[in-house]
Amino acid sequence: MEEIGKLIQTRIDKIKTIRDMGINPFPYNFEVTDFSKDIIDNFESYNKNNEEIKPVSVAGRIMAIRLMGKAAFCSIHDKKGNIQLYIAQKNIGDKSYEMFKHLDIGDIIGVKGIVKKTQVGEITVYADQLTLLTKNIRPLPIVKEKDGEVFDAFSDKELRYRNRHLDLLVTHGVKETFEKRIKIIKTVKRILDGKDFLEVETPVLLPIYGGANAAPFTTHHNSLDMMLYLRISLEPYLKRLIVGGIDRVYEIGKCFRNEGMDRTHNPEFTMLELYMAYADYIDMMNLTEELFESACKEIHGTTEIEFDGKKIDLKRPWRRLKMVDAIKEYAQIDVENLNEEEMRKLIKAKGGEIKGSFIRGLAINEIFELYVEEQMIQPTFITHQPLETTPLCKVDYEDERYLQRFELFINGHEYANAYSESNDPVFQRKTLYEQSLRRDVDAEVSPMDENFVQAIETGMPPTGGLGIGIDRMVMLLTGERSIRDVLLFPTMKPEKPQ
RNA sequence: GGGAAAGUAGCUCAGUAGGUAGAGCACCGCCCUUUUAAGGCGAUGGUCGACGGUUCGAAUCCGUCCUCUCUCACCA
């Protein structure tokens, strides 16, 4: 039998021993009235001048046991943190103490008792009653700590991601990261709700996909006997709602892209998309600033954060720079006065390449990405991308070679993308139709969505649209470098291939 | 897809001229009523990621594969 099996069997045997003592190792409930952090933070309200003021009832998982004959200290972990318990035979009685000696790290117990400080001053619950609430049979990773230094941390990332339940229990900061994640999302929602945006839920399973260039996941509906796609963006349905008269609409939801995985890409990820009728890309910039700044303040209490050792200030307003001006300033390249040959040379010099025939606007975008993007450390809106970079955006009034679009860069990475949305139905139909013809050469091109085009033909008001990658926003604000550290259950290959 | 590193006890890790597999913690037994990485004594525990090869003999050398990490490329 494998070793883990023996450890488990030992604990299963303990369950029987405890049952033989007339104790149910899996009782139904326990009245919890107090939590670790509250007791520690408000010690005086529990104990004054070593006089008990009020008894407490706490419950949690045993994380450490220090047994000394007829008494023991143990640390339990509850939803707010850790607290030490003092378990003495003379206080809890012979039978309970006998049971206690059969408990393990990982068991869940409830304790009623009084709060006191030990000789060395640690706030401790002195147990009068001990109740076993759940017997554990599978050993936890053992992580120890002294003076803030962690020993034998549960550090194997594969095991941590595959066993997030263990990771949450024993790895410092993991739970906090996910608490921050939801705080960020709630802040975003609060701001949007306050501006009269309607939060909606649109379908994930679609007969046709679109809104981005990406390979979709496919599935099959049995009773309809048809192929369905998982959405790659939220755009097509949110725009239908704008047409439908919901002038301010947003959704925060999972999108799915069947593409490569790395530190910043997971096959399923969370997008915020919002659409605002009668607004343009300038309004979207103002809103983006507010969302990031507010979320940052909510998490950090300040607009200044540090990431990768770099100080970043998210305080509004942020710099707004046309793409060609950014190239001029950061790369000393006057890209508008270059000919094709000069541009090709610049791209090649940085290891880039031009796919297919030379398209001037795409080359400008390529030069920006190669020469400038990584220098955009402080939050910067790069605006006026060349017309050729997307067909879904309106061109600028002043110079029709460029778009009313922005991309937000922070710390050299893109965090948001926004347009003054194109709403010319004739142009949209033509573009989407021509795109769909390229499907046999480019598998990532979306098929023609007739129903969507008909919606646009009904008339979409002038609209500003904004997309923000929530996972990356959370990474920025929590300092995590891998998307897997901001997803509770990141996509993993099965351990043992079937 | 390319490159690099890794996979040894439940956890964290040692372990090369190729010669029967080690530590700490956990677990088990004993001692211990103020410990906090508790301590002391003792014991158990391994298909060394998988499969092949070389060899009298492989955790170790070679090959293939699997998983994960980092990184580059691709992709929003």
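So you know, we letter chains A, B, ... as the sequences are listed, proteins then strands, and number each from 1.
If you take atom C1' in B:C68 and the same atom in B:A21, they sit 25 Å apart, rounded to whole Å. Comparing the C1' positions of B:G22 and B:U64 gives a spacing of 30 Å, expressed to the nearest Å. Between the C1' atoms of B:A17 and B:U55, the separation comes to 15 Å (whole Å). Annotation: B:C62 and B:A23 have their C1' atoms spaced 31 Å apart (nearest Å). One P atom belongs to B:G57, the other to B:G52, and the distance between them is 15 Å to the nearest Å. Going from the P atom of B:C48 to that of B:A58 covers 12 Å, rounded to whole Å. Nucleotides B:G2 and B:G10 are separated by 33 Å at their P atoms, to the nearest Å. Going from the P atom of B:U44 to that of B:G24 covers 14 Å, rounded to whole Å.
Between the P atom of B:G1 and the CE atom of A:Met261 lies a distance of 13 Å, rounded to the nearest Å. Between A:Ile12 atom CD1 and B:C28 atom C1' the separation is 16 Å, expressed in whole Å. Residue A:Leu103 contributes atom CG, which lies 16 Å from atom P of B:A26 at whole-angstrom precision. Whole-Å rounding puts the A:Gln9 CD to B:U44 C1' distance at 15 Å.
Base engagement by A:Tyr126 is indicated by at least one non-hydrogen atom pair under 4.0 Å involving a base atom. Among the atoms of the strands shown, base atoms are found under 4.0 Å from some heavy atom of A:Thr118. Contacts of A:Thr124 with the nucleic acid, taken as non-hydrogen atoms under 4.0 Å apart, are absent. Across all strands shown, A:Lys14 has heavy atoms under 4.0 Å from sugar-phosphate atoms exclusively, and none from any base. Using a 4.0 Å heavy-atom distance criterion, A:Glu149 is classed as making no nucleic acid contact. Looking at heavy-atom distances under 4.0 Å, A:Glu407 makes contact with a base. Note on A:Gln84: a base of the nucleic acid sits closer than 4.0 angstrom, heavy atoms only.
Using a 4.0 Å cut-off between charged side-chain N and carboxylate O, A:Glu235 and A:Lys239 make a salt bridge. Ionic pairing of A:Lys16 and A:Asp20 is present here: one or more N-O contacts between side-chain nitrogen and carboxylate oxygen are shorter than 4.0 angstrom.
For the pair A:Lys394 and A:Tyr419, the NZ or CZ position fails the cation-pi test of under 6.0 Å to the six-membered ring centre and within 45 degrees of the ring normal.
Taking a pair to require two hydrogen-bonding distances under 3.5 Å in either a Watson-Crick or a G-U wobble arrangement, B:G57 remains unpaired. Using the Watson-Crick or G-U wobble rule with both distances under 3.5 Å, B:C75 pairs with nothing in any strand shown. With a cut-off of 3.5 Å on both Watson-Crick or G-U wobble distances, the partner of B:U64 is given as B:A50.
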Between protein and nucleotides 68-72 of chain B, what N or O pairs are separated by less than 3.5 Å?
{"from": "B:C68", "atom 1": "OP1", "to": "A:Lys493", "atom 2": "N", "distance (Å)": "3.0"}
{"from": "B:C68", "atom 1": "O4'", "to": "A:Glu158", "atom 2": "OE1", "distance (Å)": "2.9"}
{"from": "B:U69", "atom 1": "OP1", "to": "A:Arg484", "atom 2": "NH1", "distance (Å)": "2.4"}
{"from": "B:U69", "atom 1": "OP2", "to": "A:Arg484", "atom 2": "NH1", "distance (Å)": "3.4"}
{"from": "B:U71", "atom 1": "OP1", "to": "A:Arg263", "atom 2": "NH1", "distance (Å)": "2.8"}
{"from": "B:U71", "atom 1": "OP2", "to": "A:Arg263", "atom 2": "NH1", "distance (Å)": "2.9"}

Shorter than 3.5 Å, N or O on both sides, protein versus nucleotides 37-43 of chain B: list them out with atom names.
{"from": "B:A37", "atom 1": "O4'", "to": "A:Glu145", "atom 2": "O", "distance (Å)": "3.3"}
{"from": "B:A38", "atom 1": "OP1", "to": "A:Lys144", "atom 2": "NZ", "distance (Å)": "2.2"}
{"from": "B:A38", "atom 1": "OP2", "to": "A:Arg66", "atom 2": "NH1", "distance (Å)": "3.2"}
{"from": "B:A38", "atom 1": "N6", "to": "A:Leu67", "atom 2": "O", "distance (Å)": "2.7"}

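The aromatic ring centres of A:Phe406 and A:Tyr281 sit 6.0 Å or more apart.
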Please tabulate, one pair per line, all N/O donor-acceptor pairs under 3.5 Å involving side-chain atoms of residues 119-133 of chain A, not counting sequence neighbours.
{"from": "A:Thr124", "atom 1": "OG1", "to": "A:Gln84", "atom 2": "NE2", "distance (Å)": "3.1"}
{"from": "A:Thr124", "atom 1": "OG1", "to": "A:Glu122", "atom 2": "O", "distance (Å)": "2.9"}

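Side chain of A:Phe73, nearest nucleotide from B:A26, B:C11, B:U34: B:U34.
Below the 3.5 angstrom threshold, one finds no donor paired with an acceptor across the side chain of A:Tyr86 and the base of B:U35.
Just one residue in the list A:Glu273, A:Arg231, A:Arg240 forms a side chain to side chain donor-acceptor pair (under 3.5 Å) with A:Thr202, and that residue is A:Arg231.
Contact between A:Cys393 and A:Arg405 at its shortest, heavy atoms only, is SG-CB, 3.7 Å.
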